[in-house]
Amino acid sequence: MQNIDKHKDSDQLLDEILSKPPEFVLPFDFAARIAAKAAGKFYWRQYMMEFLVYIGTFTGLVAVILAMNYFWFTDNWHSWKQFFSDNLSIVIGINVIGLFILFADRVLLQYFCYRFSRKKHVSGKLW
Amino acid sequence: MTDGELVQQVLNGNEHAFRFLVANHQRLVLHVVGRIVKQQEDVEDVCQEVFMKVFRKIKNFRGDSKLSTWIATIAYNTGISYVRSKNRKNEKESDDLTNFYSRSDNWQGHHTVEREEAKKILGELIEELPVNYRTVLTLFHLEEFSYKEIEEITGMPEGTVKSYLSRARNLLKEKLDKIIASEKINIFLNYAEY
């Protein structure tokens, strides 16, 4: 009888141990920190998408203009081609600067504004 | 709020919804990751990685399973990948029961083994089990997932899950019986109090 009881008790003890959660815990602000990090990533992705939409639209417009020139204004096309090949570095430089300005305006500035407003919001809450 | 509504809110960029999701599932993730990753100092980082993966992949959640099962799957896979990458760098964790069997029975020689001490010893023994056994035990006993859900989370067939569970339980029971048989035991002395 005692053996049967012990057997039952050891099962009970085993169940108790197996359903006992591990001792370590996550910090109390874990969820808030993760959510803030995820929100940062979400906004960054949104701004990047916006930037890519701008780039896509601009590239599309340029492609249409170039195609029109190529098919309908053949004389103009040759002179433009000559101009681009003569001033390749300037054209590339202007494009890179344009891209950077657009990136800074559409992505970096917006993202920093978001971060700044968030910091202000958090510090406002604290005080 | 249903799982689908919560997921939709997260997809819309609602930070509070994601915070709610994390708060609701952090215990589950902590238990799954905590059982797989033994180094406590790394557990928080892995948990963080799990939730960032959840956030990245949430658009792929189609509601075929419960959100908790889907999150547990990510937690399991992330934990396993972490352990594998760690093992590649350091010593390999044995996938068999060598560690478990070779562990010295350090309770022997004690005159009495108190109930709390036996629980501590068994807790340590669980840590010595191979990672698959530990995970299956945690998912079944601690998180109360069904065999089907455990199959979904771990990718192991249901039969394997059942076999791991019964084998792990038997092994632990065997050790516990050894503790009981070893010396003058007090384990069940005050059991009525609990």
Side-chain angles (χ1 to χ4, degrees), chain A residues 1-53 106-107 110-111 113-125, chain B residues 10-27 29-31 33-35 40-41 43-44 47-48 50-52 54-56 58 115 118-123 125-127 137-138 140-144 165 168-169 172-173 175-177 179-181 185 187-188 191 194:
Chain A
M1 184 64 197
Q2 200 185 356
N3 280 341
I4 294 166
D5 282 343
K6 275 195 172 180
H7 185 74
K8 217 173 108 186
D9 282 343
S10 67
D11 265 335
Q12 203 176 339
L13 183 63
L14 199 55
D15 281 334
E16 198 181 306
I17 291 158
L18 289 173
S19 52
K20 187 186 160 205
E23 276 163 14
F24 42 86
V25 287
L26 289 169
F28 76 98
D29 62 342
F30 180 78
R33 272 196 291 127
I34 296 292
K37 203 175 166 185
K41 277 193 187 292
F42 177 82
Y43 284 112
W44 177 264
R45 214 163 53 191
Q46 289 277 104
Y47 300 146
M48 276 303 279
M49 280 298 289
E50 214 173 284
F51 171 67
L52 290 175
V53 167
R106 294 285 96 196
V107 182
Q110 290 205 72
Y111 185 69
C113 278
Y114 159 74
R115 292 285 297 264
F116 182 70
S117 67
R118 192 178 176 87
K119 249 186 194 168
K120 219 170 145 185
H121 178 68
V122 171
S123 57
K125 261 187 183 173
Chain B
V10 174
L11 284 172
N12 291 341
N14 185 338
E15 187 183 331
H16 296 292
F18 190 62
R19 191 191 296 184
F20 180 73
L21 183 149
V22 175
N24 271 0
H25 294 91
Q26 68 180 44
R27 182 180 163 273
V29 170
L30 177 68
H31 291 168
V33 170
R35 275 282 186 254
Q40 281 191 29
E41 63 276 14
V43 170
E44 191 187 332
C47 288
Q48 189 169 320
V50 169
F51 282 113
M52 292 317 289
V54 167
F55 182 71
R56 269 201 310 273
I58 203 155
R115 188 170 170 279
K119 277 166 79 172
K120 197 174 158 239
I121 293 166
L122 273 174
L125 282 169
I126 293 172
E127 293 302 314
L137 279 176
T138 305
F140 187 79
H141 288 282
L142 201 56
E143 298 303 327
E144 295 173 343
L165 267 174
R169 210 184 154 84
L172 290 169
K173 187 94 195 313
K175 290 273 183 182
L176 183 61
D177 289 341
I179 301 174
I180 296 164
I185 308 298
I187 298 174
F188 307 119
Y191 215 102
Y194 292 91

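Excluded from the calculations below are hydrogen atoms, water molecules and symmetry mates; all remaining heavy atoms, backbone and side chain alike, are included.
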(message) Measuring only between side-chain heavy atoms, which start at C-beta, is B:E44 closer than 4.5 Å to A:F30?
(response) yes

Look up atom [atom1] in [X] and atom [atom2] in [Y], then write down how far apart they are to the nearest 0.5 Å.
X      : Y     : atom1 : atom2 : value
A:F42  : B:F18 : CZ    : CZ    : 12.0 Å
B:L172 : A:L18 : CG    : CG    : 6.0 Å
B:K173 : A:L14 : NZ    : CG    : 7.5 Å
B:L21  : A:I34 : CG    : CD1   : 11.5 Å

(message) How close do A:A31 and B:V22 get, counting heavy atoms only, and between which atoms?
(response) CA-CG1, 3.6 Å

(request) Could you pull out the closest heavy-atom pair between A:A39 and B:E15, with the gap in Å? (result) CB-OE1, 3.5 Å

(request) Select one option (side chain, backbone, both, neither) describing which atoms of B:V43 are under 4.5 Å from chain A's heavy atoms. (result) side chain

(message) Report which part of B:L11 has an atom under 4.5 Å of a heavy atom belonging to chain A: side chain, backbone, both, or neither.
(response) backbone

[X] [atom1]: over 12 foreign heavy atoms closer than 6.0 Å:
X     : atom1 : result
A:F51 : CZ    : yes
A:R45 : CZ    : yes
B:F20 : CZ    : no
A:M48 : CE    : yes

(message) Using side chain to side chain contact (heavy atoms under 4.5 Å, CB included), reason through B:R169 and A:D15 one step at a time and then give a plain yes or no.
(response) CA-CA 9 Å; B:R169 210 184 154 84; A:D15 281 334; 2.9 Å; yes

